[in-house]
Each structure stands twice: as C-alpha cells, then as structure tokens.
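Just so we're clear, the structure is a prediction, and the values are computed from it rather than from any experiment.
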Amino acid sequence: MKPVFKIMIVDDEMLVRQGIKHLLDWEQEGYRIVGEASNGLEALNLMDEVSPHVILTDIVMPVMGGEKLVKVVKEKYPHIEIIVLSSFSEFDYVRSTFQSGVADYILKPKLEADYLMSILNKVTAKMVAMKPDADPRADQGEAQILQAIEKLMTGYESSLDPLLVHSRFPFGQYLFFGADLKHVKESGDRWSFGNELESELRKIAMADMVFMRLKFVNDTALFLLNVNPERRNELVIELRQLIPKLAHDTSETHFVISQCFADFNSLGEVYHDNYLKLMRYGFFLKDRTLIEYEHLPGLPDSPLEYDMGELLEQLKRKQYRKAFTGFLEYACLRSMDYRTDIFEFKSSLGNFIFNVATTLGKMKVETGSLENAKYDYFRKIDEARYAGEAIAVVEAFIREAERAIGETNTSVNPNMDRLLEYIKDHYADPITLTGVARQFHFNASYLSSYFASYNGEGFSEYLNKIRLEKAMELLLTTELTISEISASVGYSDQSYFTKVFKKQTGISPSQFRRQDAREIRES
C-alpha cells in the first residue's frame, strides 16, 4: 500500500495557504496536510508535533524567510524534503536553497493542481525508493498495520504478526470513534476537522490509551482506539467531554462511539455491523450529537406496517384527511425506530406521493401542479439528510394536494374534535404543541399547520384563549389571588400570565376584577 505523505505549508499569505489546501483532494491523492505556518519560525515550532514528510515553503516571509528555514530543516531534519514556491524575481534566493538541499521549486504562476502533483509525486517516489526510516511513524510496521486494517474493513482476511499488532496496540480493548462529515462539502474543511479531532485526542492525558487515524475513510474522521479495559469507562467519559469542543460550529455532525471488542481481527466485523449502523442511525436521531452503542434511546413496541391499499380506498371514498393523517402518523412513528432502513423509509414516502398523485389524477382532480412537481418531491426526499426533513417534504406535498382537492375547509373533522377536547381537559397542565403532537402521534410541524387550517387559529392562541376564559371565570367567582389563578390555569409565571391577559383583554387581571366589582355596585 502506498504510504500517505504528510505535508506542511509555509507562506505568509493566508489566501495562498488556503488556496493550496483546496487545490486538491489531498487524501485521495495519497497526501495529508498536517500543518501550516505563516513564517519559518512558526514552522520550526510545529515540526516535532506534525512531523511532515514534505514542506512547501515560500521564500520571502517576515520573522524567518524560506532560505533560513531550508538551512535549519536540512540540518535538524535531513529526511524531510522541501519544495520552494517562488516568483521570477526571487530566483537568486532559490539558487541558494538548492545548495542547502531543496528537492525542487515551483514558480507561483505555475502553481496548478496537475503541475504541483507531478512535482510531489516525483519527490515522494524518490523517498519511497530510498525507504527513509528517520520518521518512526512512517516505518514499515505502521504501513503493514494500516494495510491489514484496510483489508479487514473491506471484508478480506489479514495475517498480521500478533507481535507487530501488540507493539502498536498493547492494550486489551478496541473501539471505533468517529464523526460523520458527509455534510461537509469541501475536502479541505473535512481535513481541517479531522486534524482538529486528532489534535484533541492527543490531549487526552491517558497513559493506557493509543489511537490510529484511519486515513482511507473519506467521508468520516475515523479513529481506532486501543485502551486498557480497566480504563475503558474513563476513556468514554473523556470522549464525551471532548465532543462539545468540536461540535460548536458543526451542529449537523454526528459522533459515534462503537461497541468495544478484544480481537484485532474482528475489527472489520465491528466496523460494518456496529459502527456503520450507528452512523446510519443519525438519519433518525438528528438531535443526538453523540450516538453511543451502550446508550441508545428506546424503541417502539413493535414494527409498523402500512396498508397502501387502504390508503387508495380512502382516497377513492374521498376520505382525504383520514388518508393523509394516517400516513403521516405512520411515517412519524416509523421514524422513531432508528433501526429502519433509510432507503426503505425514503421509498415509502416516495410511494405515497406517487400513489396519491396517480389516484387523484384518475379521480379527475386537477393535479397538473402535483404531476409537474412530484419528481421534485422525489429528489428532495432522496437528498434529505434526516427523517424529519424527508417527512417535511411529504407535508408540503399534502398541502399542495389539499389545495388541489379543496379539502382544507372540511367541516367535520373527528381528529380536530379529539384535539380540542384534549386541550380543554388538560389546559391547566404544562402542555405544549410538541407534547400534544406526541400524544396523538402527529409530526409537530404538521400539527401546527393542521391545527391552524381546521381551527382558524394557531395552537398557542387557542390554548391561551381556553386558559384566559377559565381565568376570567375564577377572577369573577372566587377570591383566589392572581398568582393562584395563574397557576391553576396553567401559567407557572404570573408576570407572563398578566402579559397574555392584558394583550387579549386590554386590561390587567386585577383591573378586570375591580371593573367587575364596580359594575356590580353600580347595578
């Protein structure tokens, strides 16, 4: 297996450094950028930490220029190859760096992907031929272990010397730790995040733990961790504490901690049957930054089945609302089972859209807009990163279907009657739209639009109206304090209750009570 060569970029212009980082898909080409610096002194301070194989350096820089950097590096780290970046006017400097041992130079006007890759490949080919051993992390044993891991993870067997495995992984338990980066489009950003994660892992002060970054996995930052079984729980706690440091600007990133395993040769099985499954669970567990094998949420009682034939019959009988809400309830409940196959889940949503559009067309409903838009709905479902996003596409389709069939003004709606009755019975409780949606197996965002369509006002407005009607009754018929009345009708905060009351009536609760007393005296 071709080794992965580590590269450091040294240039005082940030835009040049960024341009080089985004010039290529470095990992795919067999390289990894491990550090960057704005001058030679910064580069020297990073040298021992990142241990590069190749340095790409500018010549003219503040503090310490490239000419001085080349001399120091070649004295202290003779195995590191250096490629100089220069302009035509700096060629005298370049000539002097050749005397110090630079491998090659590139004129900045010619700094294009293909040309840069040709120079790098030429330089690293010479390094492979010479088999440099000065960097212990690039030795043959490390390459053999990486090759064995790649074989195991791609389904092949590997016969690696157990002594070699033990020398790299001396402890009794393994686990995978990684982050899903499929939502990160730029390879340079994936590289930066992976490097940040690797840097944080190095900071975990634990003598009984080692790790290896698995560089050939492109859409995740993936690490194999090896730990003393007695320190395993401590390590997991450290990983949990590490995640908030990394998730602040990657809110859609899911981190995964796999099950532990003791046999190095079983890592391929654990990777496929455990780690990748956990990573896929993120589609249904959007709000979980960390998906951990030993701390998964509860599951529905039994698998759900949906009768598409019954849906078609309901449509033919013009029971549109029953058909639509029934399917949405099924989709929302099914999304709670994170073990659901993502492809099958998306296919069921697409089948619903297809069958509804087709059936309405056969019923002579004007479905021109639905027919034209259904393929756009299919595409959006396919591209959805989370189950909630896919269900939202179906909700949008249903709203368009309702406009086509004119069903949004249906006068009789048993579902809405049940909802209103539930609110009247529980207005004093701390109920919320999300809680009511869960109670009736609705998607919360769909319930919001559904409630407004059928009741003429939003959920919060209706709940406040019911509560305030009861509050007015208590103000008129009891001597309870404002605070007691506020709590008895479901408001834990008296000031908020007063604010809502005044907004609806134009006066405060105490003014309302005094006004009524005045009217009684005057009568």
Problem set entry | K74 to I80 - nearest heavy-atom pair and separation | NZ-O, 2.7 Å
Exercise. How far does CD of Q241 sit from CD of E200, to the nearest 0.5 angstrom?
Worked result: 12.0 Å
For this session: Using a strict cut-off of less than 4.0 Å between a Lys/Arg side-chain nitrogen and an Asp/Glu carboxylate oxygen, indicate whether E75 and K71 qualify as a salt bridge.
Result: no
Seminar exercise, completed: CG (L278) and CG (L296) are apart, to the nearest 0.5 Å, by 6.0 Å
Exercise. Between R231 and E238, does a salt bridge (Lys or Arg N to Asp or Glu O under 4.0 Å) hold up when you go through it step by step?
Worked result: CA-CA 11 Å; R231 306 287 299 279; E238 292 276 5; over 6 Å; no
Exercise. Distance only, no hydrogens: is a donor on one side chain within 3.5 Å (strictly under) of an acceptor on the other, for Y377 and E400?
Worked result: yes
Problem set entry | Any donor-acceptor N or O pair under 3.5 Å, side chains Y31, D25 | no
Exercise. Do R339 and Y281 have side chains that get closer than 4.5 Å, going by heavy atoms?
Worked result: yes
Exercise. Nearest 0.5 Å, what's the CG-CZ distance between L267 and F261?
Worked result: 5.0 Å
Exercise. Are side-chain heavy atoms of D12 and P62 found at a separation under 4.5 Å?
Worked result: yes
Exercise. Quick one: does D382's side chain get under 4.5 Å of R379's, heavy atoms only?
Worked result: no
Exercise. Does S266 use its side chain to pair, donor to acceptor, with the backbone of E269 at less than 3.5 Å?
Worked result: no
Problem set entry | Side chain to side chain, Y77 and I82, heavy atoms closer than 4.5 Å | no
For this session: Kindly determine whether F177 and F223 satisfy ring-ring contact (aromatic ring centres under 6.0 Å, His included), including the steps that lead there.
Result: CA-CA 5 Å; F177 174 63; F223 298 84; 7.0 Å; no
Exercise. Under 3.5 Å, is there a donor-acceptor pair between the side chain of K346 and the main chain of A384?
Worked result: yes
Exercise. Picking from F284, F283, Y386, what satisfies ring pair (Phe, Tyr, Trp, His ring centres under 6.0 Å) with H254?
Worked result: Y386
For this session: Start with the C-alpha distance between M209 and N228, add both sets of side-chain angles, then the distance that settles side-chain contact (heavy atoms from CB on, under 4.5 Å), and finish with yes or no.
Result: CA-CA 7 Å; M209 187 274 284; N228 183 330; over 6 Å; no
Problem set entry | Atom CG of D263: over 12 foreign heavy atoms under 6.0 Å | yes
Exercise. If you draw a 6.0 Å radius around CD in E389, do more than 12 non-hydrogen atoms from other residues or ligands fall strictly inside?
Worked result: yes
Exercise. Does the side-chain contact (heavy atoms from CB on, under 4.5 Å) test come out yes or no for I291 and H295, once each step is laid out?
Worked result: CA-CA 8 Å; I291 301 173; H295 292 87; over 6 Å; no
Problem set entry | Side chain to side chain, L214 and T220, heavy atoms closer than 4.5 Å | no
Problem set entry | Test side-chain contact (heavy atoms from CB on, under 4.5 Å) applied to D58 and V16, step by step | CA-CA 10 Å; D58 192 12; V16 172; over 6 Å; no
Problem set entry | Minimum side-chain heavy-atom gap V270-L175 below 4.5 Å | no
Exercise. If you count the non-hydrogen atoms of other residues, nucleotides and ligands that lie under 6.0 Å from OH in Y293, is the total more than 12?
Worked result: no
For this session: Using the salt bridge (Lys or Arg N to Asp or Glu O under 4.0 Å) rule, take K380 and D376 through it: C-alpha gap first, then chi angles, then the decisive distance, then the call.
Result: CA-CA 6 Å; K380 289 178 179 178; D376 189 44; 3.4 Å; yes
Exercise. Between CD1 of I398 and CG of L328, what distance do you get to the nearest 0.5 Å?
Worked result: 4.0 Å
For this session: Specify the closest pair of heavy atoms between R17 and E36, including all atoms of both residues, with the distance to one decimal.
Result: NE-OE1, 2.7 Å
Exercise. Do you know which two heavy atoms are closest between A387 and F345, and how far apart they sit?
Worked result: CB-CE2, 4.0 Å
Seminar exercise, completed: Tightest non-hydrogen contact, residues I342 and R280, listed as CD1-O, 3.7 Å
Exercise. Does any non-hydrogen side-chain atom of V84 lie less than 4.5 Å from one of E67?
Worked result: no
For this session: Ignoring hydrogens and angles, tell me if any N or O in the side chain of H53 forms a donor-acceptor pair with the backbone of K6 under 3.5 Å.
Result: yes
Problem set entry | Closest non-hydrogen atom pair, N226 against G172 | ND2-N, 4.3 Å
Seminar exercise, completed: Shortest non-hydrogen pair, F169 vs L224, comes out as CZ-CD2, 4.0 Å
Problem set entry | Rounded distance (nearest 0.5 Å) linking atom CG of L56 with atom CD1 of I9 | 6.5 Å
Seminar exercise, completed: To the nearest 0.5 Å, atom OH of Y330 lies from atom CG of L349 at 8.0 Å
For this session: Give the C-alpha distance, both sets of side-chain angles, the deciding distance and a yes or no for salt bridge (Lys or Arg N to Asp or Glu O under 4.0 Å) between R334 and E329.
Result: CA-CA 8 Å; R334 194 177 184 196; E329 289 175 12; over 6 Å; no
For this session: Could you tell me whether the side chain of S258 and the main chain of F176 form a donor-acceptor pair under 3.5 Å?
Result: yes
Problem set entry | Test item: R240 and E292 side chains (from C-beta on) under 4.5 Å apart, heavy atoms | yes
For this session: Show your working on side-chain contact (heavy atoms from CB on, under 4.5 Å) between I7 and I20 and close with a plain yes or no.
Result: CA-CA 11 Å; I7 295 175; I20 294 173; over 6 Å; no
Exercise. So, Q18 side chain and M14 main chain: donor-acceptor pair closer than 3.5 Å or not?
Worked result: no
